[in-house]
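Keep in mind it's a predicted model, so treat the numbers as computed, not measured.
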Amino acid sequence: MRFILFCQNNYAFGILGPIMEVLKEQGHDYLWFVRRKIVKDFPFRQENHTSSIIDLEAYLSDVIFVPGNEVPYYLRGLKVQIFHGLAGEKKGHFRMRSYFDLYLTQGPYFTERFNQLRDRYNNFDVIETGWPKLDIYGKNRDAYASYKNELLNKHSAKKILLYAPTFSPKLTSGPHLSDELKKLANNSDHLILIKFHPLMEKKWVLAYQELAAETRNIIYQAENNIIKFLLVADLLISDTSSVIYEFLLLDKPAITFKSIATNIRWENSDDYTALSALVERNLKEDPFADSRAEIYQRYHPYNDGRSALRMVKTVEEYVTAKGIPERRDISLLRKIKINSMFGRATGVGITTGKMLQDAFPVRKLTVLIITYNEEDNIRRCLDSISFADEVVVVDSYSEDKTIEIIGNYPDVTLVKRTFTNFTDQKNAAIKHATNNWILFLDADEVITPALKEEILELLKSKSIPHAAYWFYRKFMFKDKRLRFSGWQTDKNIRLFRKDKCEFTEGRLVHETLEVNGSEGTFKSKLVHYSYKNYEDYRGKMLKYGQLRAQEEYRKGNKNNTISKVIKTGWKFFNHYILRLGILDGKKGVIICYLNALSVYERHRHLEKLWRENA
């Protein structure tokens, strides 16, 4: 059979993903429809996908799975509504729009309501299957246990609190809880994760990102997979959001503010200033533990991890019994709405089977990373590049947990290789890239959401003017930004074409990329978590100095004591005074001193090499 997985919003990816896995296992053919606006967030870019409704017409599907409210009536196939949440109290959840032939419901609460509507309208069917997004609860509830332990250990915390509000302007608690979360963060036992809906108003996104940047135990999570954070959290803070029910099904406490739900089985308050007290009460006493059982029985009584399988089997049997509808008959007004959203039917049918995305190419991207003992950085880096088509990590036989952490990312290719120097290691890594466009990162670098969008927009443009692109970097001193000290203009080439670039042999550190073509620069900056602690950064500076000394020795260069003193002193003066390191306070003194130390070590080690080889 031929299936369309229909995505209008990026929350659909997590709902349809488990269905895709079942379709793969059973050998069905499938095509993702992803609105062009959200292609940049699509996590399965190696899968067959399109943003063209004409492609869907040509595909001649048998079944269309839709976790949304609309689907073109003129597409061939059984149109199946599988829902995008569990919040039945929200306006429109039980509104009939006449676009669907079959409703696959999550649990008895929804089944009963839709059966009443079926009896009233008599133009669709209802079958209860469970909800595929929650299959992981039954299959692998501990999937992110190591990630949780890592977070708690890193931040010396005991509990993870997740703040995940609705985006609806009339219902969201976003404008009211910023100060309260900051107060809550005063308790160092709490690590607070903030996860917003993709449609959350931009000003609140920016406000909470700023809050996270200035508060050590608050993290703003840009990753789309909210299930990951539901699984690791010990308590949820929200309002009127479907995520409440998803969390309660894990049998953990939740707190909401001004929820419009009518069947509340959790802590709900109208007083935003009570947040800290409510958190402590629910963590210690969990007063609504017994009440949550009703949510499980009524909303989603399935813990076998087989809802996606039930959905596929259900539609197979339904189509066998009733056939495949060529189109859905709806009212004229509904047709006008669909035509305005998706365009009119073209009648292209089977006349073309070729995807029309050639007019809007999306070039595939390989991310390369070289590592050695990067357990403190690698997860953060890998989480930020989930949009890549391919990720290859070349590791120099790390002795910490780096390899173990990488193992938690099944789509990441790990290559172990002995380290000689940076140029040699990077050129070796490039050979493992199967795509022409390469994003080469250090393990302590992170791609921000804004930079990700800029990269993806470039890769899907009709033509790319340059062969390589520079990225400016924000230097992070622990978890705080270093604004001066010579790092304010720091930039490196990070994105480039494999067929136009290679790292120059002869440079052992701060390797140079030779570019056969023009170069561009991105507006957004990547984040560089370079300074973890004094000893770690000092070690890096000494290593860099020694490698630079080996370069100088190979070239036959020598130095003397006067040169060593002058160049070391100039390095500190330049960065601390001329490059305004003095404005960075104590951080500036440390960084400028250690950078100068690297220069001193280069000259000292060069002298040593000449003595040893005299």
Around atom [atom1] of [X], are there more than 12 heavy atoms from other residues, nucleotides or ligands closer than 6.0 Å?
| X | atom1 | value |
| --- | --- | --- |
| Arg141 | CZ | yes |
| Lys159 | NZ | no |
| Lys401 | NZ | no |

#### Entry: Non-neighbouring partners of Tyr99 that pass ring pair (Phe, Tyr, Trp, His ring centres under 6.0 Å), sequence neighbours left out
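Ring pair (Phe, Tyr, Trp, His ring centres under 6.0 Å) check on Tyr99 returns nothing, list empty.
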### Message
Please enumerate all residues that pass ring pair (Phe, Tyr, Trp, His ring centres under 6.0 Å) together with Phe229, with sequence neighbours excluded.
### Response
none
So, do [X] and [Y] have ring centers that fall under 6.0 Å from each other?
| X | Y | answer |
| --- | --- | --- |
| Trp32 | Phe44 | yes |
| Phe342 | Phe6 | yes |
| Phe13 | Phe42 | yes |
| Phe83 | Phe114 | yes |

### Task
Grab the two heavy atoms, one from Pro43 and one from Gln46, that are nearest each other, plus how far apart they are.
O-OE1, 4.3 Å
### Query
At their closest point, which heavy atom of Ala443 faces which heavy atom of Cys381, and how far apart are they?
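It is O-CB, 3.4 Å.
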### Task
Test Asn377 against every option in Glu375, Arg379, Arg380 by the side-chain hydrogen bond (donor to acceptor under 3.5 Å, both in side chains) rule and name the one that passes.
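Of the listed options, the one satisfying the test is Arg380.
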### Message
Using ring pair (Phe, Tyr, Trp, His ring centres under 6.0 Å), reason through Phe196 and Tyr220 one step at a time and then give a plain yes or no.
### Response
CA-CA 9 Å; Phe196 280 172; Tyr220 184 90; 5.7 Å; yes
Run the salt-bridge test on [X] and [Y] with the 4.0 Å N-O cut-off and return the result as yes or no.
| X | Y | result |
| --- | --- | --- |
| Asp41 | Arg35 | no |
| Asp234 | Lys148 | yes |
| Arg328 | Asp101 | yes |
| Asp304 | Lys139 | no |

### Task
Can you label the angle between the Tyr299 ring and the Tyr245 ring as parallel, tilted or perpendicular, going by 30° and 60°?
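Ring orientation, 0 to 90° scale: parallel.
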### Task
Please check if the side chain of Ser241 supplies one atom and the backbone of Pro165 the other of a donor-acceptor pair under 3.5 Å.
no
### Query
Got a sec, which residues hit side chain to side chain donor-acceptor pair (under 3.5 Å) with Arg306, two or more places apart in sequence or on another chain?
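So Arg306 forms no side chain to side chain donor-acceptor pair (under 3.5 Å) with any residue.
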